[in-house]
Amino acid sequence: MTRVALIIVWLGVVAATAVNADWPMWGGTPSRNMVSSIKGLPTTWDVKSGKNVKWVAELGSQSYGNPVVASGVVLVGTNNEATRDAKQAGDRGVLMAFREATGEFLWQATFEKMSSGRANDWPFQGIASSPLVENGTAYFVSNRGQVIAADLDGFHDKINDGLVKDEKLSGPTDPDIVWVFDMIEEVGSFPHNLANSSPVSHGNLLYVSTSNGQDESHVNIPSPKAPSIIAIDKTTGKLVWEDNSVGDNILHGQWSTPTVGEIAGVMQVVHAQGDGWVRSYEAVSGKKLWEFDTNPKDAVWPKTRNEVISTPVIFENIVYISNGQDPEHGEGVGHAYAIDAAKRGDITQTGRLWHYEKIRRSISTAAIKDGLIYLADFSGFLHCLDAKTGTPYWVHDMFAAIWGSPMLIDDKVYLGDEDGDITVLQHGKVLKVVAEQNMGSSVYSTVVPANGAMFVMNRNQLFALAEGVMLKRPSAQ
Ligand SMILES: [Ca+2]
Ligand SMILES: [Ca+2]
């Protein structure tokens, strides 16, 4: 490295120390609010010239497992089209671990596709779970419907950790498994198309959606008694509680992911389920506290009745949620709500603080700060509303489908789209686009801020972006 490059890297390190914060799960914290207070992150960059690009890592051909950053490691879910180990070839789901500082590949966990095919495990979709990292353990859901606990250090620490000691592959780039909970064997889940849940925890319990759903006929529910949500003991990997309120009312699949937060003094686990209802549970006991229907009673599946794929956000005792459908179903009407989660029972009427009907079908999660809420929809619109009243301040058209979620970092909102553009907007009641740059291929993910950098995936690459750095391309050496 040249002296100039060293100085540039050093300046980047100085900027990064301004706020030091990992992003160890989907949404950064259990309440899943897409907000970060990190300052000094870039609003412009160029993946072609390398401006403000710290490093790039090659992923598979489709990547849906949003990055998490913890203890110097970045984890992402992708497929196996960038095969890193010839002994583990073919279509697989892959979790990859990279060194946060340099992008160096550390280890991977690969999972063969299920023999049942696309009904349970859609070809080439890889791992779509965003892991939770706590105390050096990463918890995630494989494409085979397993909840996996793995050592964040892998075998780099030369210790085989956890309850599982008989890993067939135990080289330096193989995963050190702590325990495995197979949701198909243990609770009878029949994941529709792909198991995708991003775990969250409270105390020693881990909360996971099972993704139980219909079979390929889109008529039958093969496993109507399987739970939608389970709680697992983090130490033993054993089931603690489960709930199956949804019964055989699943419209399609179950791809929303649970959220945890204290609401009016009670720790709640909030989960949006396959019948289009949001349900909440007392975190330790699993006792159901309330439920809320996100569809008008006269809505008809699939034209106007929606499932819920977005993640609920808990903010100041209120739950915010948007409904929508599988992107394969295209565009349509949507609904967004603020729910008073201190209420109990069926709170569809009593808990409805506001209902926003101008949103289209959405699979995005909300960002809330300073009395404003940002909501994106699959038709390509970003909505800025008053969080207390649901009154819109502005709507911005991205002109492309939005799969990811708006991320509010300091005073800027970052949002990616299917055209591969990431738009940067000013946080506030007045619409102002600050910048827009293209990532080279579709962005189906959410911008993840951590420790003075942003981690952004397009379909097949992971970029670390930071202010004042310049990526040295191999061709320039
Ligand atoms: Ca280890
Ligand atoms: Ca082990």
Side-chain angles (χ1 to χ4, degrees), residues 9 12-42 54-55 57 63 65-77 95-107 109 127 129-141 148-154 156-157 161 175-176 178 198-204 206-207 234 257-261 311 313-314 365 367 369 404-410 412 414 445-457 462-467 469:
V9 168
V13 170
V14 170
T17 52
V19 176
N20 203 38
D22 278 349
W23 191 267
M25 69 191 83
W26 171 239
T29 67
S31 65
R32 311 291 200 182
N33 189 12
M34 297 291 166
V35 167
S36 164
S37 57
I38 294 179
K39 294 183 190 305
L41 296 186
K54 195 171 160 189
W55 52 259
S63 308
N66 279 278
V68 299
V69 184
S71 307
V73 177
V74 184
L75 298 172
V76 296
L95 183 83
M96 288 186 185
F98 300 95
R99 195 178 301 286
E100 181 187 357
T102 60
E104 174 198 356
F105 171 68
L106 294 173
W107 56 267
I127 285 181
S129 167
S130 194
L132 164 71
V133 182
E134 274 184 9
N135 301 321
T137 303
Y139 304 90
F140 64 98
V141 173
I148 308 275
D151 177 19
L152 191 64
D153 293 331
H156 287 263
D157 59 3
D161 293 275
D176 180 359
V178 172
S198 301
V200 65
S201 80
H202 170 65
N204 204 41
L206 192 72
Y207 307 100
K234 281 194 293 200
T257 228
T259 298
V260 170
T311 308
V313 173
I314 299 173
T365 303
K369 187 182 171 187
S405 302
M407 179 65 69
L408 177 50
I409 307 171
D410 188 19
K412 302 286 189 303
Y414 296 76
S445 61
T446 299
V447 171
V448 163
N451 307 319
M454 293 189 299
F455 299 86
V456 185
M457 292 194 304
L462 171 65
F463 296 88
L465 307 173
E467 188 68 30
V469 298

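Quick note: residue numbers are just sequence positions, from 1. Just so we're clear, the structure is a prediction, and the values are computed from it rather than from any experiment.
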For V133 against L152, the heavy-atom pair lying closest together: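 Minimum heavy-atom separation between V133 and L152: CG1-CD2, 3.8 Å.
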So how far is it from L206 CG to L132 CG, rounded to the nearest 0.5 Å?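 The CG atom of L206 sits 6.5 Å away from the CG atom of L132.
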Measure the spacing between OG of S36 and CG of L41 and express it to the nearest 0.5 Å.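 The CG atom of L41 is 7.0 Å from OG of S36, to the nearest 0.5 Å.
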Counting only N and O atoms by type, is there a donor-acceptor contact under 3.5 Å from the side chain of [X] to the main-chain atoms of [Y]?
X    : Y    : value
K369 : D410 : yes
W107 : L95  : no
H156 : L106 : yes

When you look at K234 and T137, which way does the side chain to side chain contact (heavy atoms under 4.5 Å, CB included) test go after all the steps? CA-CA 10 Å; K234 281 194 293 200; T137 303; over 6 Å; no
Hey, which of P131, P30, P199 is the one that makes side chain to side chain contact (heavy atoms under 4.5 Å, CB included) with M25?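 In the set P131, P30, P199, the residue that makes a side chain to side chain contact (heavy atoms under 4.5 Å, CB included) with M25 is P30.
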Which of these passes side chain to side chain contact (heavy atoms under 4.5 Å, CB included) with V447: M454, M457, M34?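 Only one option passes, and that is M454.
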Is M96 close to L462 at the side-chain level, that is, under 4.5 Å between some pair of heavy atoms?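 In short, these two side chains do not touch, never coming nearer than 4.5 Å.
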Do V200 and T259 come close enough that some side-chain heavy atom pair is under 4.5 Å?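 No, every pair of side-chain atoms sits at 4.5 Å or beyond.
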Would you check if there is a donor-acceptor pair between the side chains of W26 and T257 at a distance under 3.5 Å?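 No - no donor-acceptor pair under 3.5 Å links their side chains.
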